[in-house]
Amino acid sequence: GQNIDQPTEMTATEGAIVQINCTYQTSGFNGLFWYQQHAGEAPTFLSYNVLDGLEEKGRFSSFLSRSKGYSYLLLKELQMKDSASYLCAVSLGGFKTIFGAGTRLFVKA
Amino acid sequence: GAVVSQHPSWVICKSGTSVKIECRSLDFQATTMFWYRQFPKQSLMLMATSNEGSKATYEQGVEKDKFLINHASLTLSTLTVTSAHPEDSSFYICSARAMDGFQETQYFGPGTRLLVL
């Protein structure tokens, strides 16, 4: 079966750094996506990791370890607008992508 | 980046009626599109993979006769919820994979909120 685990909720303070972890056990693996989703809206693309290591994009960074089945999304200099759900998703073979349940991040002042 | 649109953005219908949702890739061609369903406070569940010019591939537990998918062109896929019931009320989102430079990504439409009374 396919399994993607991430924490249900996290709370952090404005200006701080937060790390959202994701572990996966899937039948195939082409890469790992991170998406941001605000309530009532569709997900928006944040990152796609294929190789091991850290990729940085402005305030957001994503890390992947394929051997450990592990990824994290790092958000720096948190802003109130970062309050959202963050979805970890694995790209399987055959162009299929499956999603984790998402992590709801609450940023407080 | 690539743009995917959906129409309508929301729909309210009576139980027993059929509802068609369109998904369009506006500035790129998509041989493959995906249809997801999302219930409140839950993640996206893949319903089916829509392939241009051929039959859709449905996920386990998704009734193909209830959720009809047609991918008639490289820029349009449609999902028809036939004989809708209140339990079909959900947020339906389509997506298409595209290359952003050398990086593969998946672009989502804005979603269609369906309420069946």
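Convention: sequence-line order gives letters A, B, ...; per-chain numbering from 1. The structure displayed is predicted, hence computed values, not measured ones.
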Result for side chain to side chain donor-acceptor pair (under 3.5 Å) between B/Trp35 and one of B/Ser77, B/Ser95, B/Ser50 points to B/Ser77

So, the part of A/Leu87 with a heavy atom under 4.5 Å from chain B: the answer is side chain

If one checks every heavy atom of B/Leu44 against chain A at 4.5 Å, the contacting part turns out to be both

Partner of B/Thr82 under side-chain contact (heavy atoms from CB on, under 4.5 Å), picked from B/Thr17, B/Val19, B/Leu68, is B/Leu68

Requested in this report: Before giving the answer on side chain to side chain contact (heavy atoms under 4.5 Å, CB included), spell out for B/Cys94 and B/Val4 the whole-Å C-alpha distance, their side-chain angles and the decisive distance to 0.1 Å.
Outcome: CA-CA 8 Å; B/Cys94 71; B/Val4 175; 3.7 Å; yes

Requested in this report: Please determine if A/Lys57 and A/Glu55 form a salt bridge, counting it only when a charged side-chain N lies under 4.0 Å from a carboxylate O.
Outcome: no

The interface call for B/Gln38 against chain A, heavy-atom contacts under 4.5 Å, is side chain

